[in-house]
S.K.: 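Once you've had a glance at the structure underneath, I'll fire off some questions.
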Amino acid sequence: MNTDEKNTIVKVMNWIVDTLARTLVVLFDGIKNAVDHANPSLFALVATLLPFALPLPVAFMTAHSAQKFFHWEMWAANVLGYGLEGLGLLAWVKLVDAVLDRVKSNNTKINSVIALYAGVSLVYEVLLIFVNVVLAKQDGAGNDFVIVLTCICLLPALSALTYGYQRQAVEHQLEQERKQADERAEKMRQEKRQDRKEAQALKMQMQYGKDVPAVKLEEQPTQGAKFPRKK
């Protein structure tokens, strides 16, 4: 094998290795960018779905407790269980909204709204614990069961707090995107208006001559002076 053939083989191998290396770099960079962009979206999805999924077992447990201890019918127990969890979700989310509005605006009038939703949230938690934990304790449940059940009753409130904060962040992002879209639309309208002005000016220039401005037409003699005097 001569020297030229060896050089050709080396060049081909170098090209193959370089192409493979660049392909791997592009592939792993793409995966990294996809993961980086997916993390906030995945977090927002979990924060949105979790407050609606996590209260379902607690609502079922509340309905079962109401049916067992109060001897209610199934429909009434389900209304209590799922309605109580819905009330808790609304109360905690509204409480987070009021607190964030108080921090952003520094308006002391919001304190009454915060107190209102804090009271509703507290009543919700007390009712939830009484219906499940206290009645289970009276039914002969052990201390370990009572402690675990109390912690479970607090989980929907924690998820609702996270959801309230995430919802505020999403609303702020959507508001910023709306403002940016309005600014882009206004910029496009200004550019189109400027283009129309330039096109109109070009049309006037082509109509009256390149070197004669349109304002010179107003200096022509009027109808009453058909024969101007000679100097």
S.K.: Nearest 0.5 Å, please: how far is NE2 in H64 from CG in N132?
M.R.: 10.0 Å
S.K.: Look up atom CG in N78 and atom CD in E73, then write down how far apart they are to the nearest 0.5 Å.
M.R.: 11.5 Å
S.K.: Compare all side-chain heavy atoms of K137 with those of V134 and state whether any distance is below 4.5 angstrom.
M.R.: no
S.K.: Any link between V93 and V96 through a network of hydrophobic side chains (Ile, Leu, Val, Met, Phe, Trp, Tyr) touching at under 4.5 Å?
M.R.: no
S.K.: May I ask you to check whether over 12 heavy atoms, not counting those of N143, lie within 6.0 Å of atom CG?
M.R.: no
S.K.: Would you mind reporting whether I114 and L95 have side-chain heavy atoms less than 4.5 Å apart?
M.R.: yes
S.K.: Might you confirm whether atom CZ of F69 has over 12 heavy atoms from other residues, nucleotides or ligands at distances under 6.0 Å?
M.R.: yes
S.K.: About how many Å separate OG of S112 and OH of Y117, when rounded to the nearest 0.5 Å?
M.R.: 10.5 Å
S.K.: Are L56 and L54 grouped together when hydrophobic residues (ILVMFWY) are joined by side-chain heavy atoms under 4.5 angstrom apart?
M.R.: no
S.K.: Consider only side-chain heavy atoms of I, L, V, M, F, W and Y, link residues closer than 4.5 Å, and tell whether Y163 and L87 are in one cluster.
M.R.: no
S.K.: Please determine whether side-chain contact (heavy atoms from CB on, under 4.5 Å) holds for the pair L149 and M61, giving the CA-CA distance in whole Å, both sets of side-chain angles, and the decisive distance to 0.1 Å.
M.R.: CA-CA 10 Å; L149 187 58; M61 180 176 57; 3.0 Å; yes
S.K.: W92 and E125: side-chain hydrogen bond (donor to acceptor under 3.5 Å, both in side chains), yes or no, with the steps?
M.R.: CA-CA 10 Å; W92 283 112; E125 290 297 334; 3.3 Å; yes
S.K.: Identify the two heavy atoms, one from A98 and one from I110, that lie closest to each other, and give their separation to 0.1 Å.
M.R.: O-CG2, 3.5 Å
S.K.: Could you state whether V126 and L161 fall into the same hydrophobic cluster, counting links through intermediate Ile, Leu, Val, Met, Phe, Trp or Tyr residues with side-chain heavy atoms under 4.5 angstrom apart?
M.R.: no
S.K.: Treating Ile, Leu, Val, Met, Phe, Trp and Tyr as nodes and any side-chain heavy-atom pair under 4.5 angstrom as an edge, say whether M74 and L135 lie in one connected cluster.
M.R.: no
S.K.: Is the centre of the Y82 ring less than 6.0 Å from the centre of the F60 ring?
M.R.: no
S.K.: Mind running side-chain contact (heavy atoms from CB on, under 4.5 Å) on R178 and D182 for me, showing each step along the way?
M.R.: CA-CA 6 Å; R178 185 188 64 80; D182 293 341; 3.0 Å; yes
S.K.: So with a 6.0 Å cut-off around NZ of K104, is the heavy-atom count from everything else above 12?
M.R.: yes
S.K.: Do you know the tightest heavy-atom contact between P51 and S159?
M.R.: CG-O, 3.3 Å
S.K.: Could you go step by step and tell me if Q176 and Q180 meet the side-chain hydrogen bond (donor to acceptor under 3.5 Å, both in side chains) rule?
M.R.: CA-CA 6 Å; Q176 293 296 325; Q180 292 177 0; 5.1 Å; no
S.K.: For Q190, is the CD atom crowded, meaning more than 12 foreign heavy atoms sit under 6.0 Å from it?
M.R.: yes
S.K.: For side-chain contact (heavy atoms from CB on, under 4.5 Å), just list the numbers for T62 and L128, CA-CA rounded to whole Å, side-chain angles, deciding distance to a tenth of an Å, and then say yes or no.
M.R.: CA-CA 7 Å; T62 304; L128 188 63; 3.4 Å; yes
S.K.: Could you tell me the separation between the OH atom of Y124 and the CG atom of L89, rounded to the nearest 0.5 Å?
M.R.: 8.0 Å
S.K.: Should L155 and V58 be marked as a side-chain contact (heavy atoms from CB on, under 4.5 Å) after you check the CA-CA gap, both sets of side-chain angles, and the distance that decides it?
M.R.: CA-CA 9 Å; L155 291 179; V58 181; 6.0 Å; no
S.K.: Step through the shown structure and confirm whether more than 12 heavy atoms of other residues, nucleotides or ligands are within 6.0 Å of CZ on F145.
M.R.: no
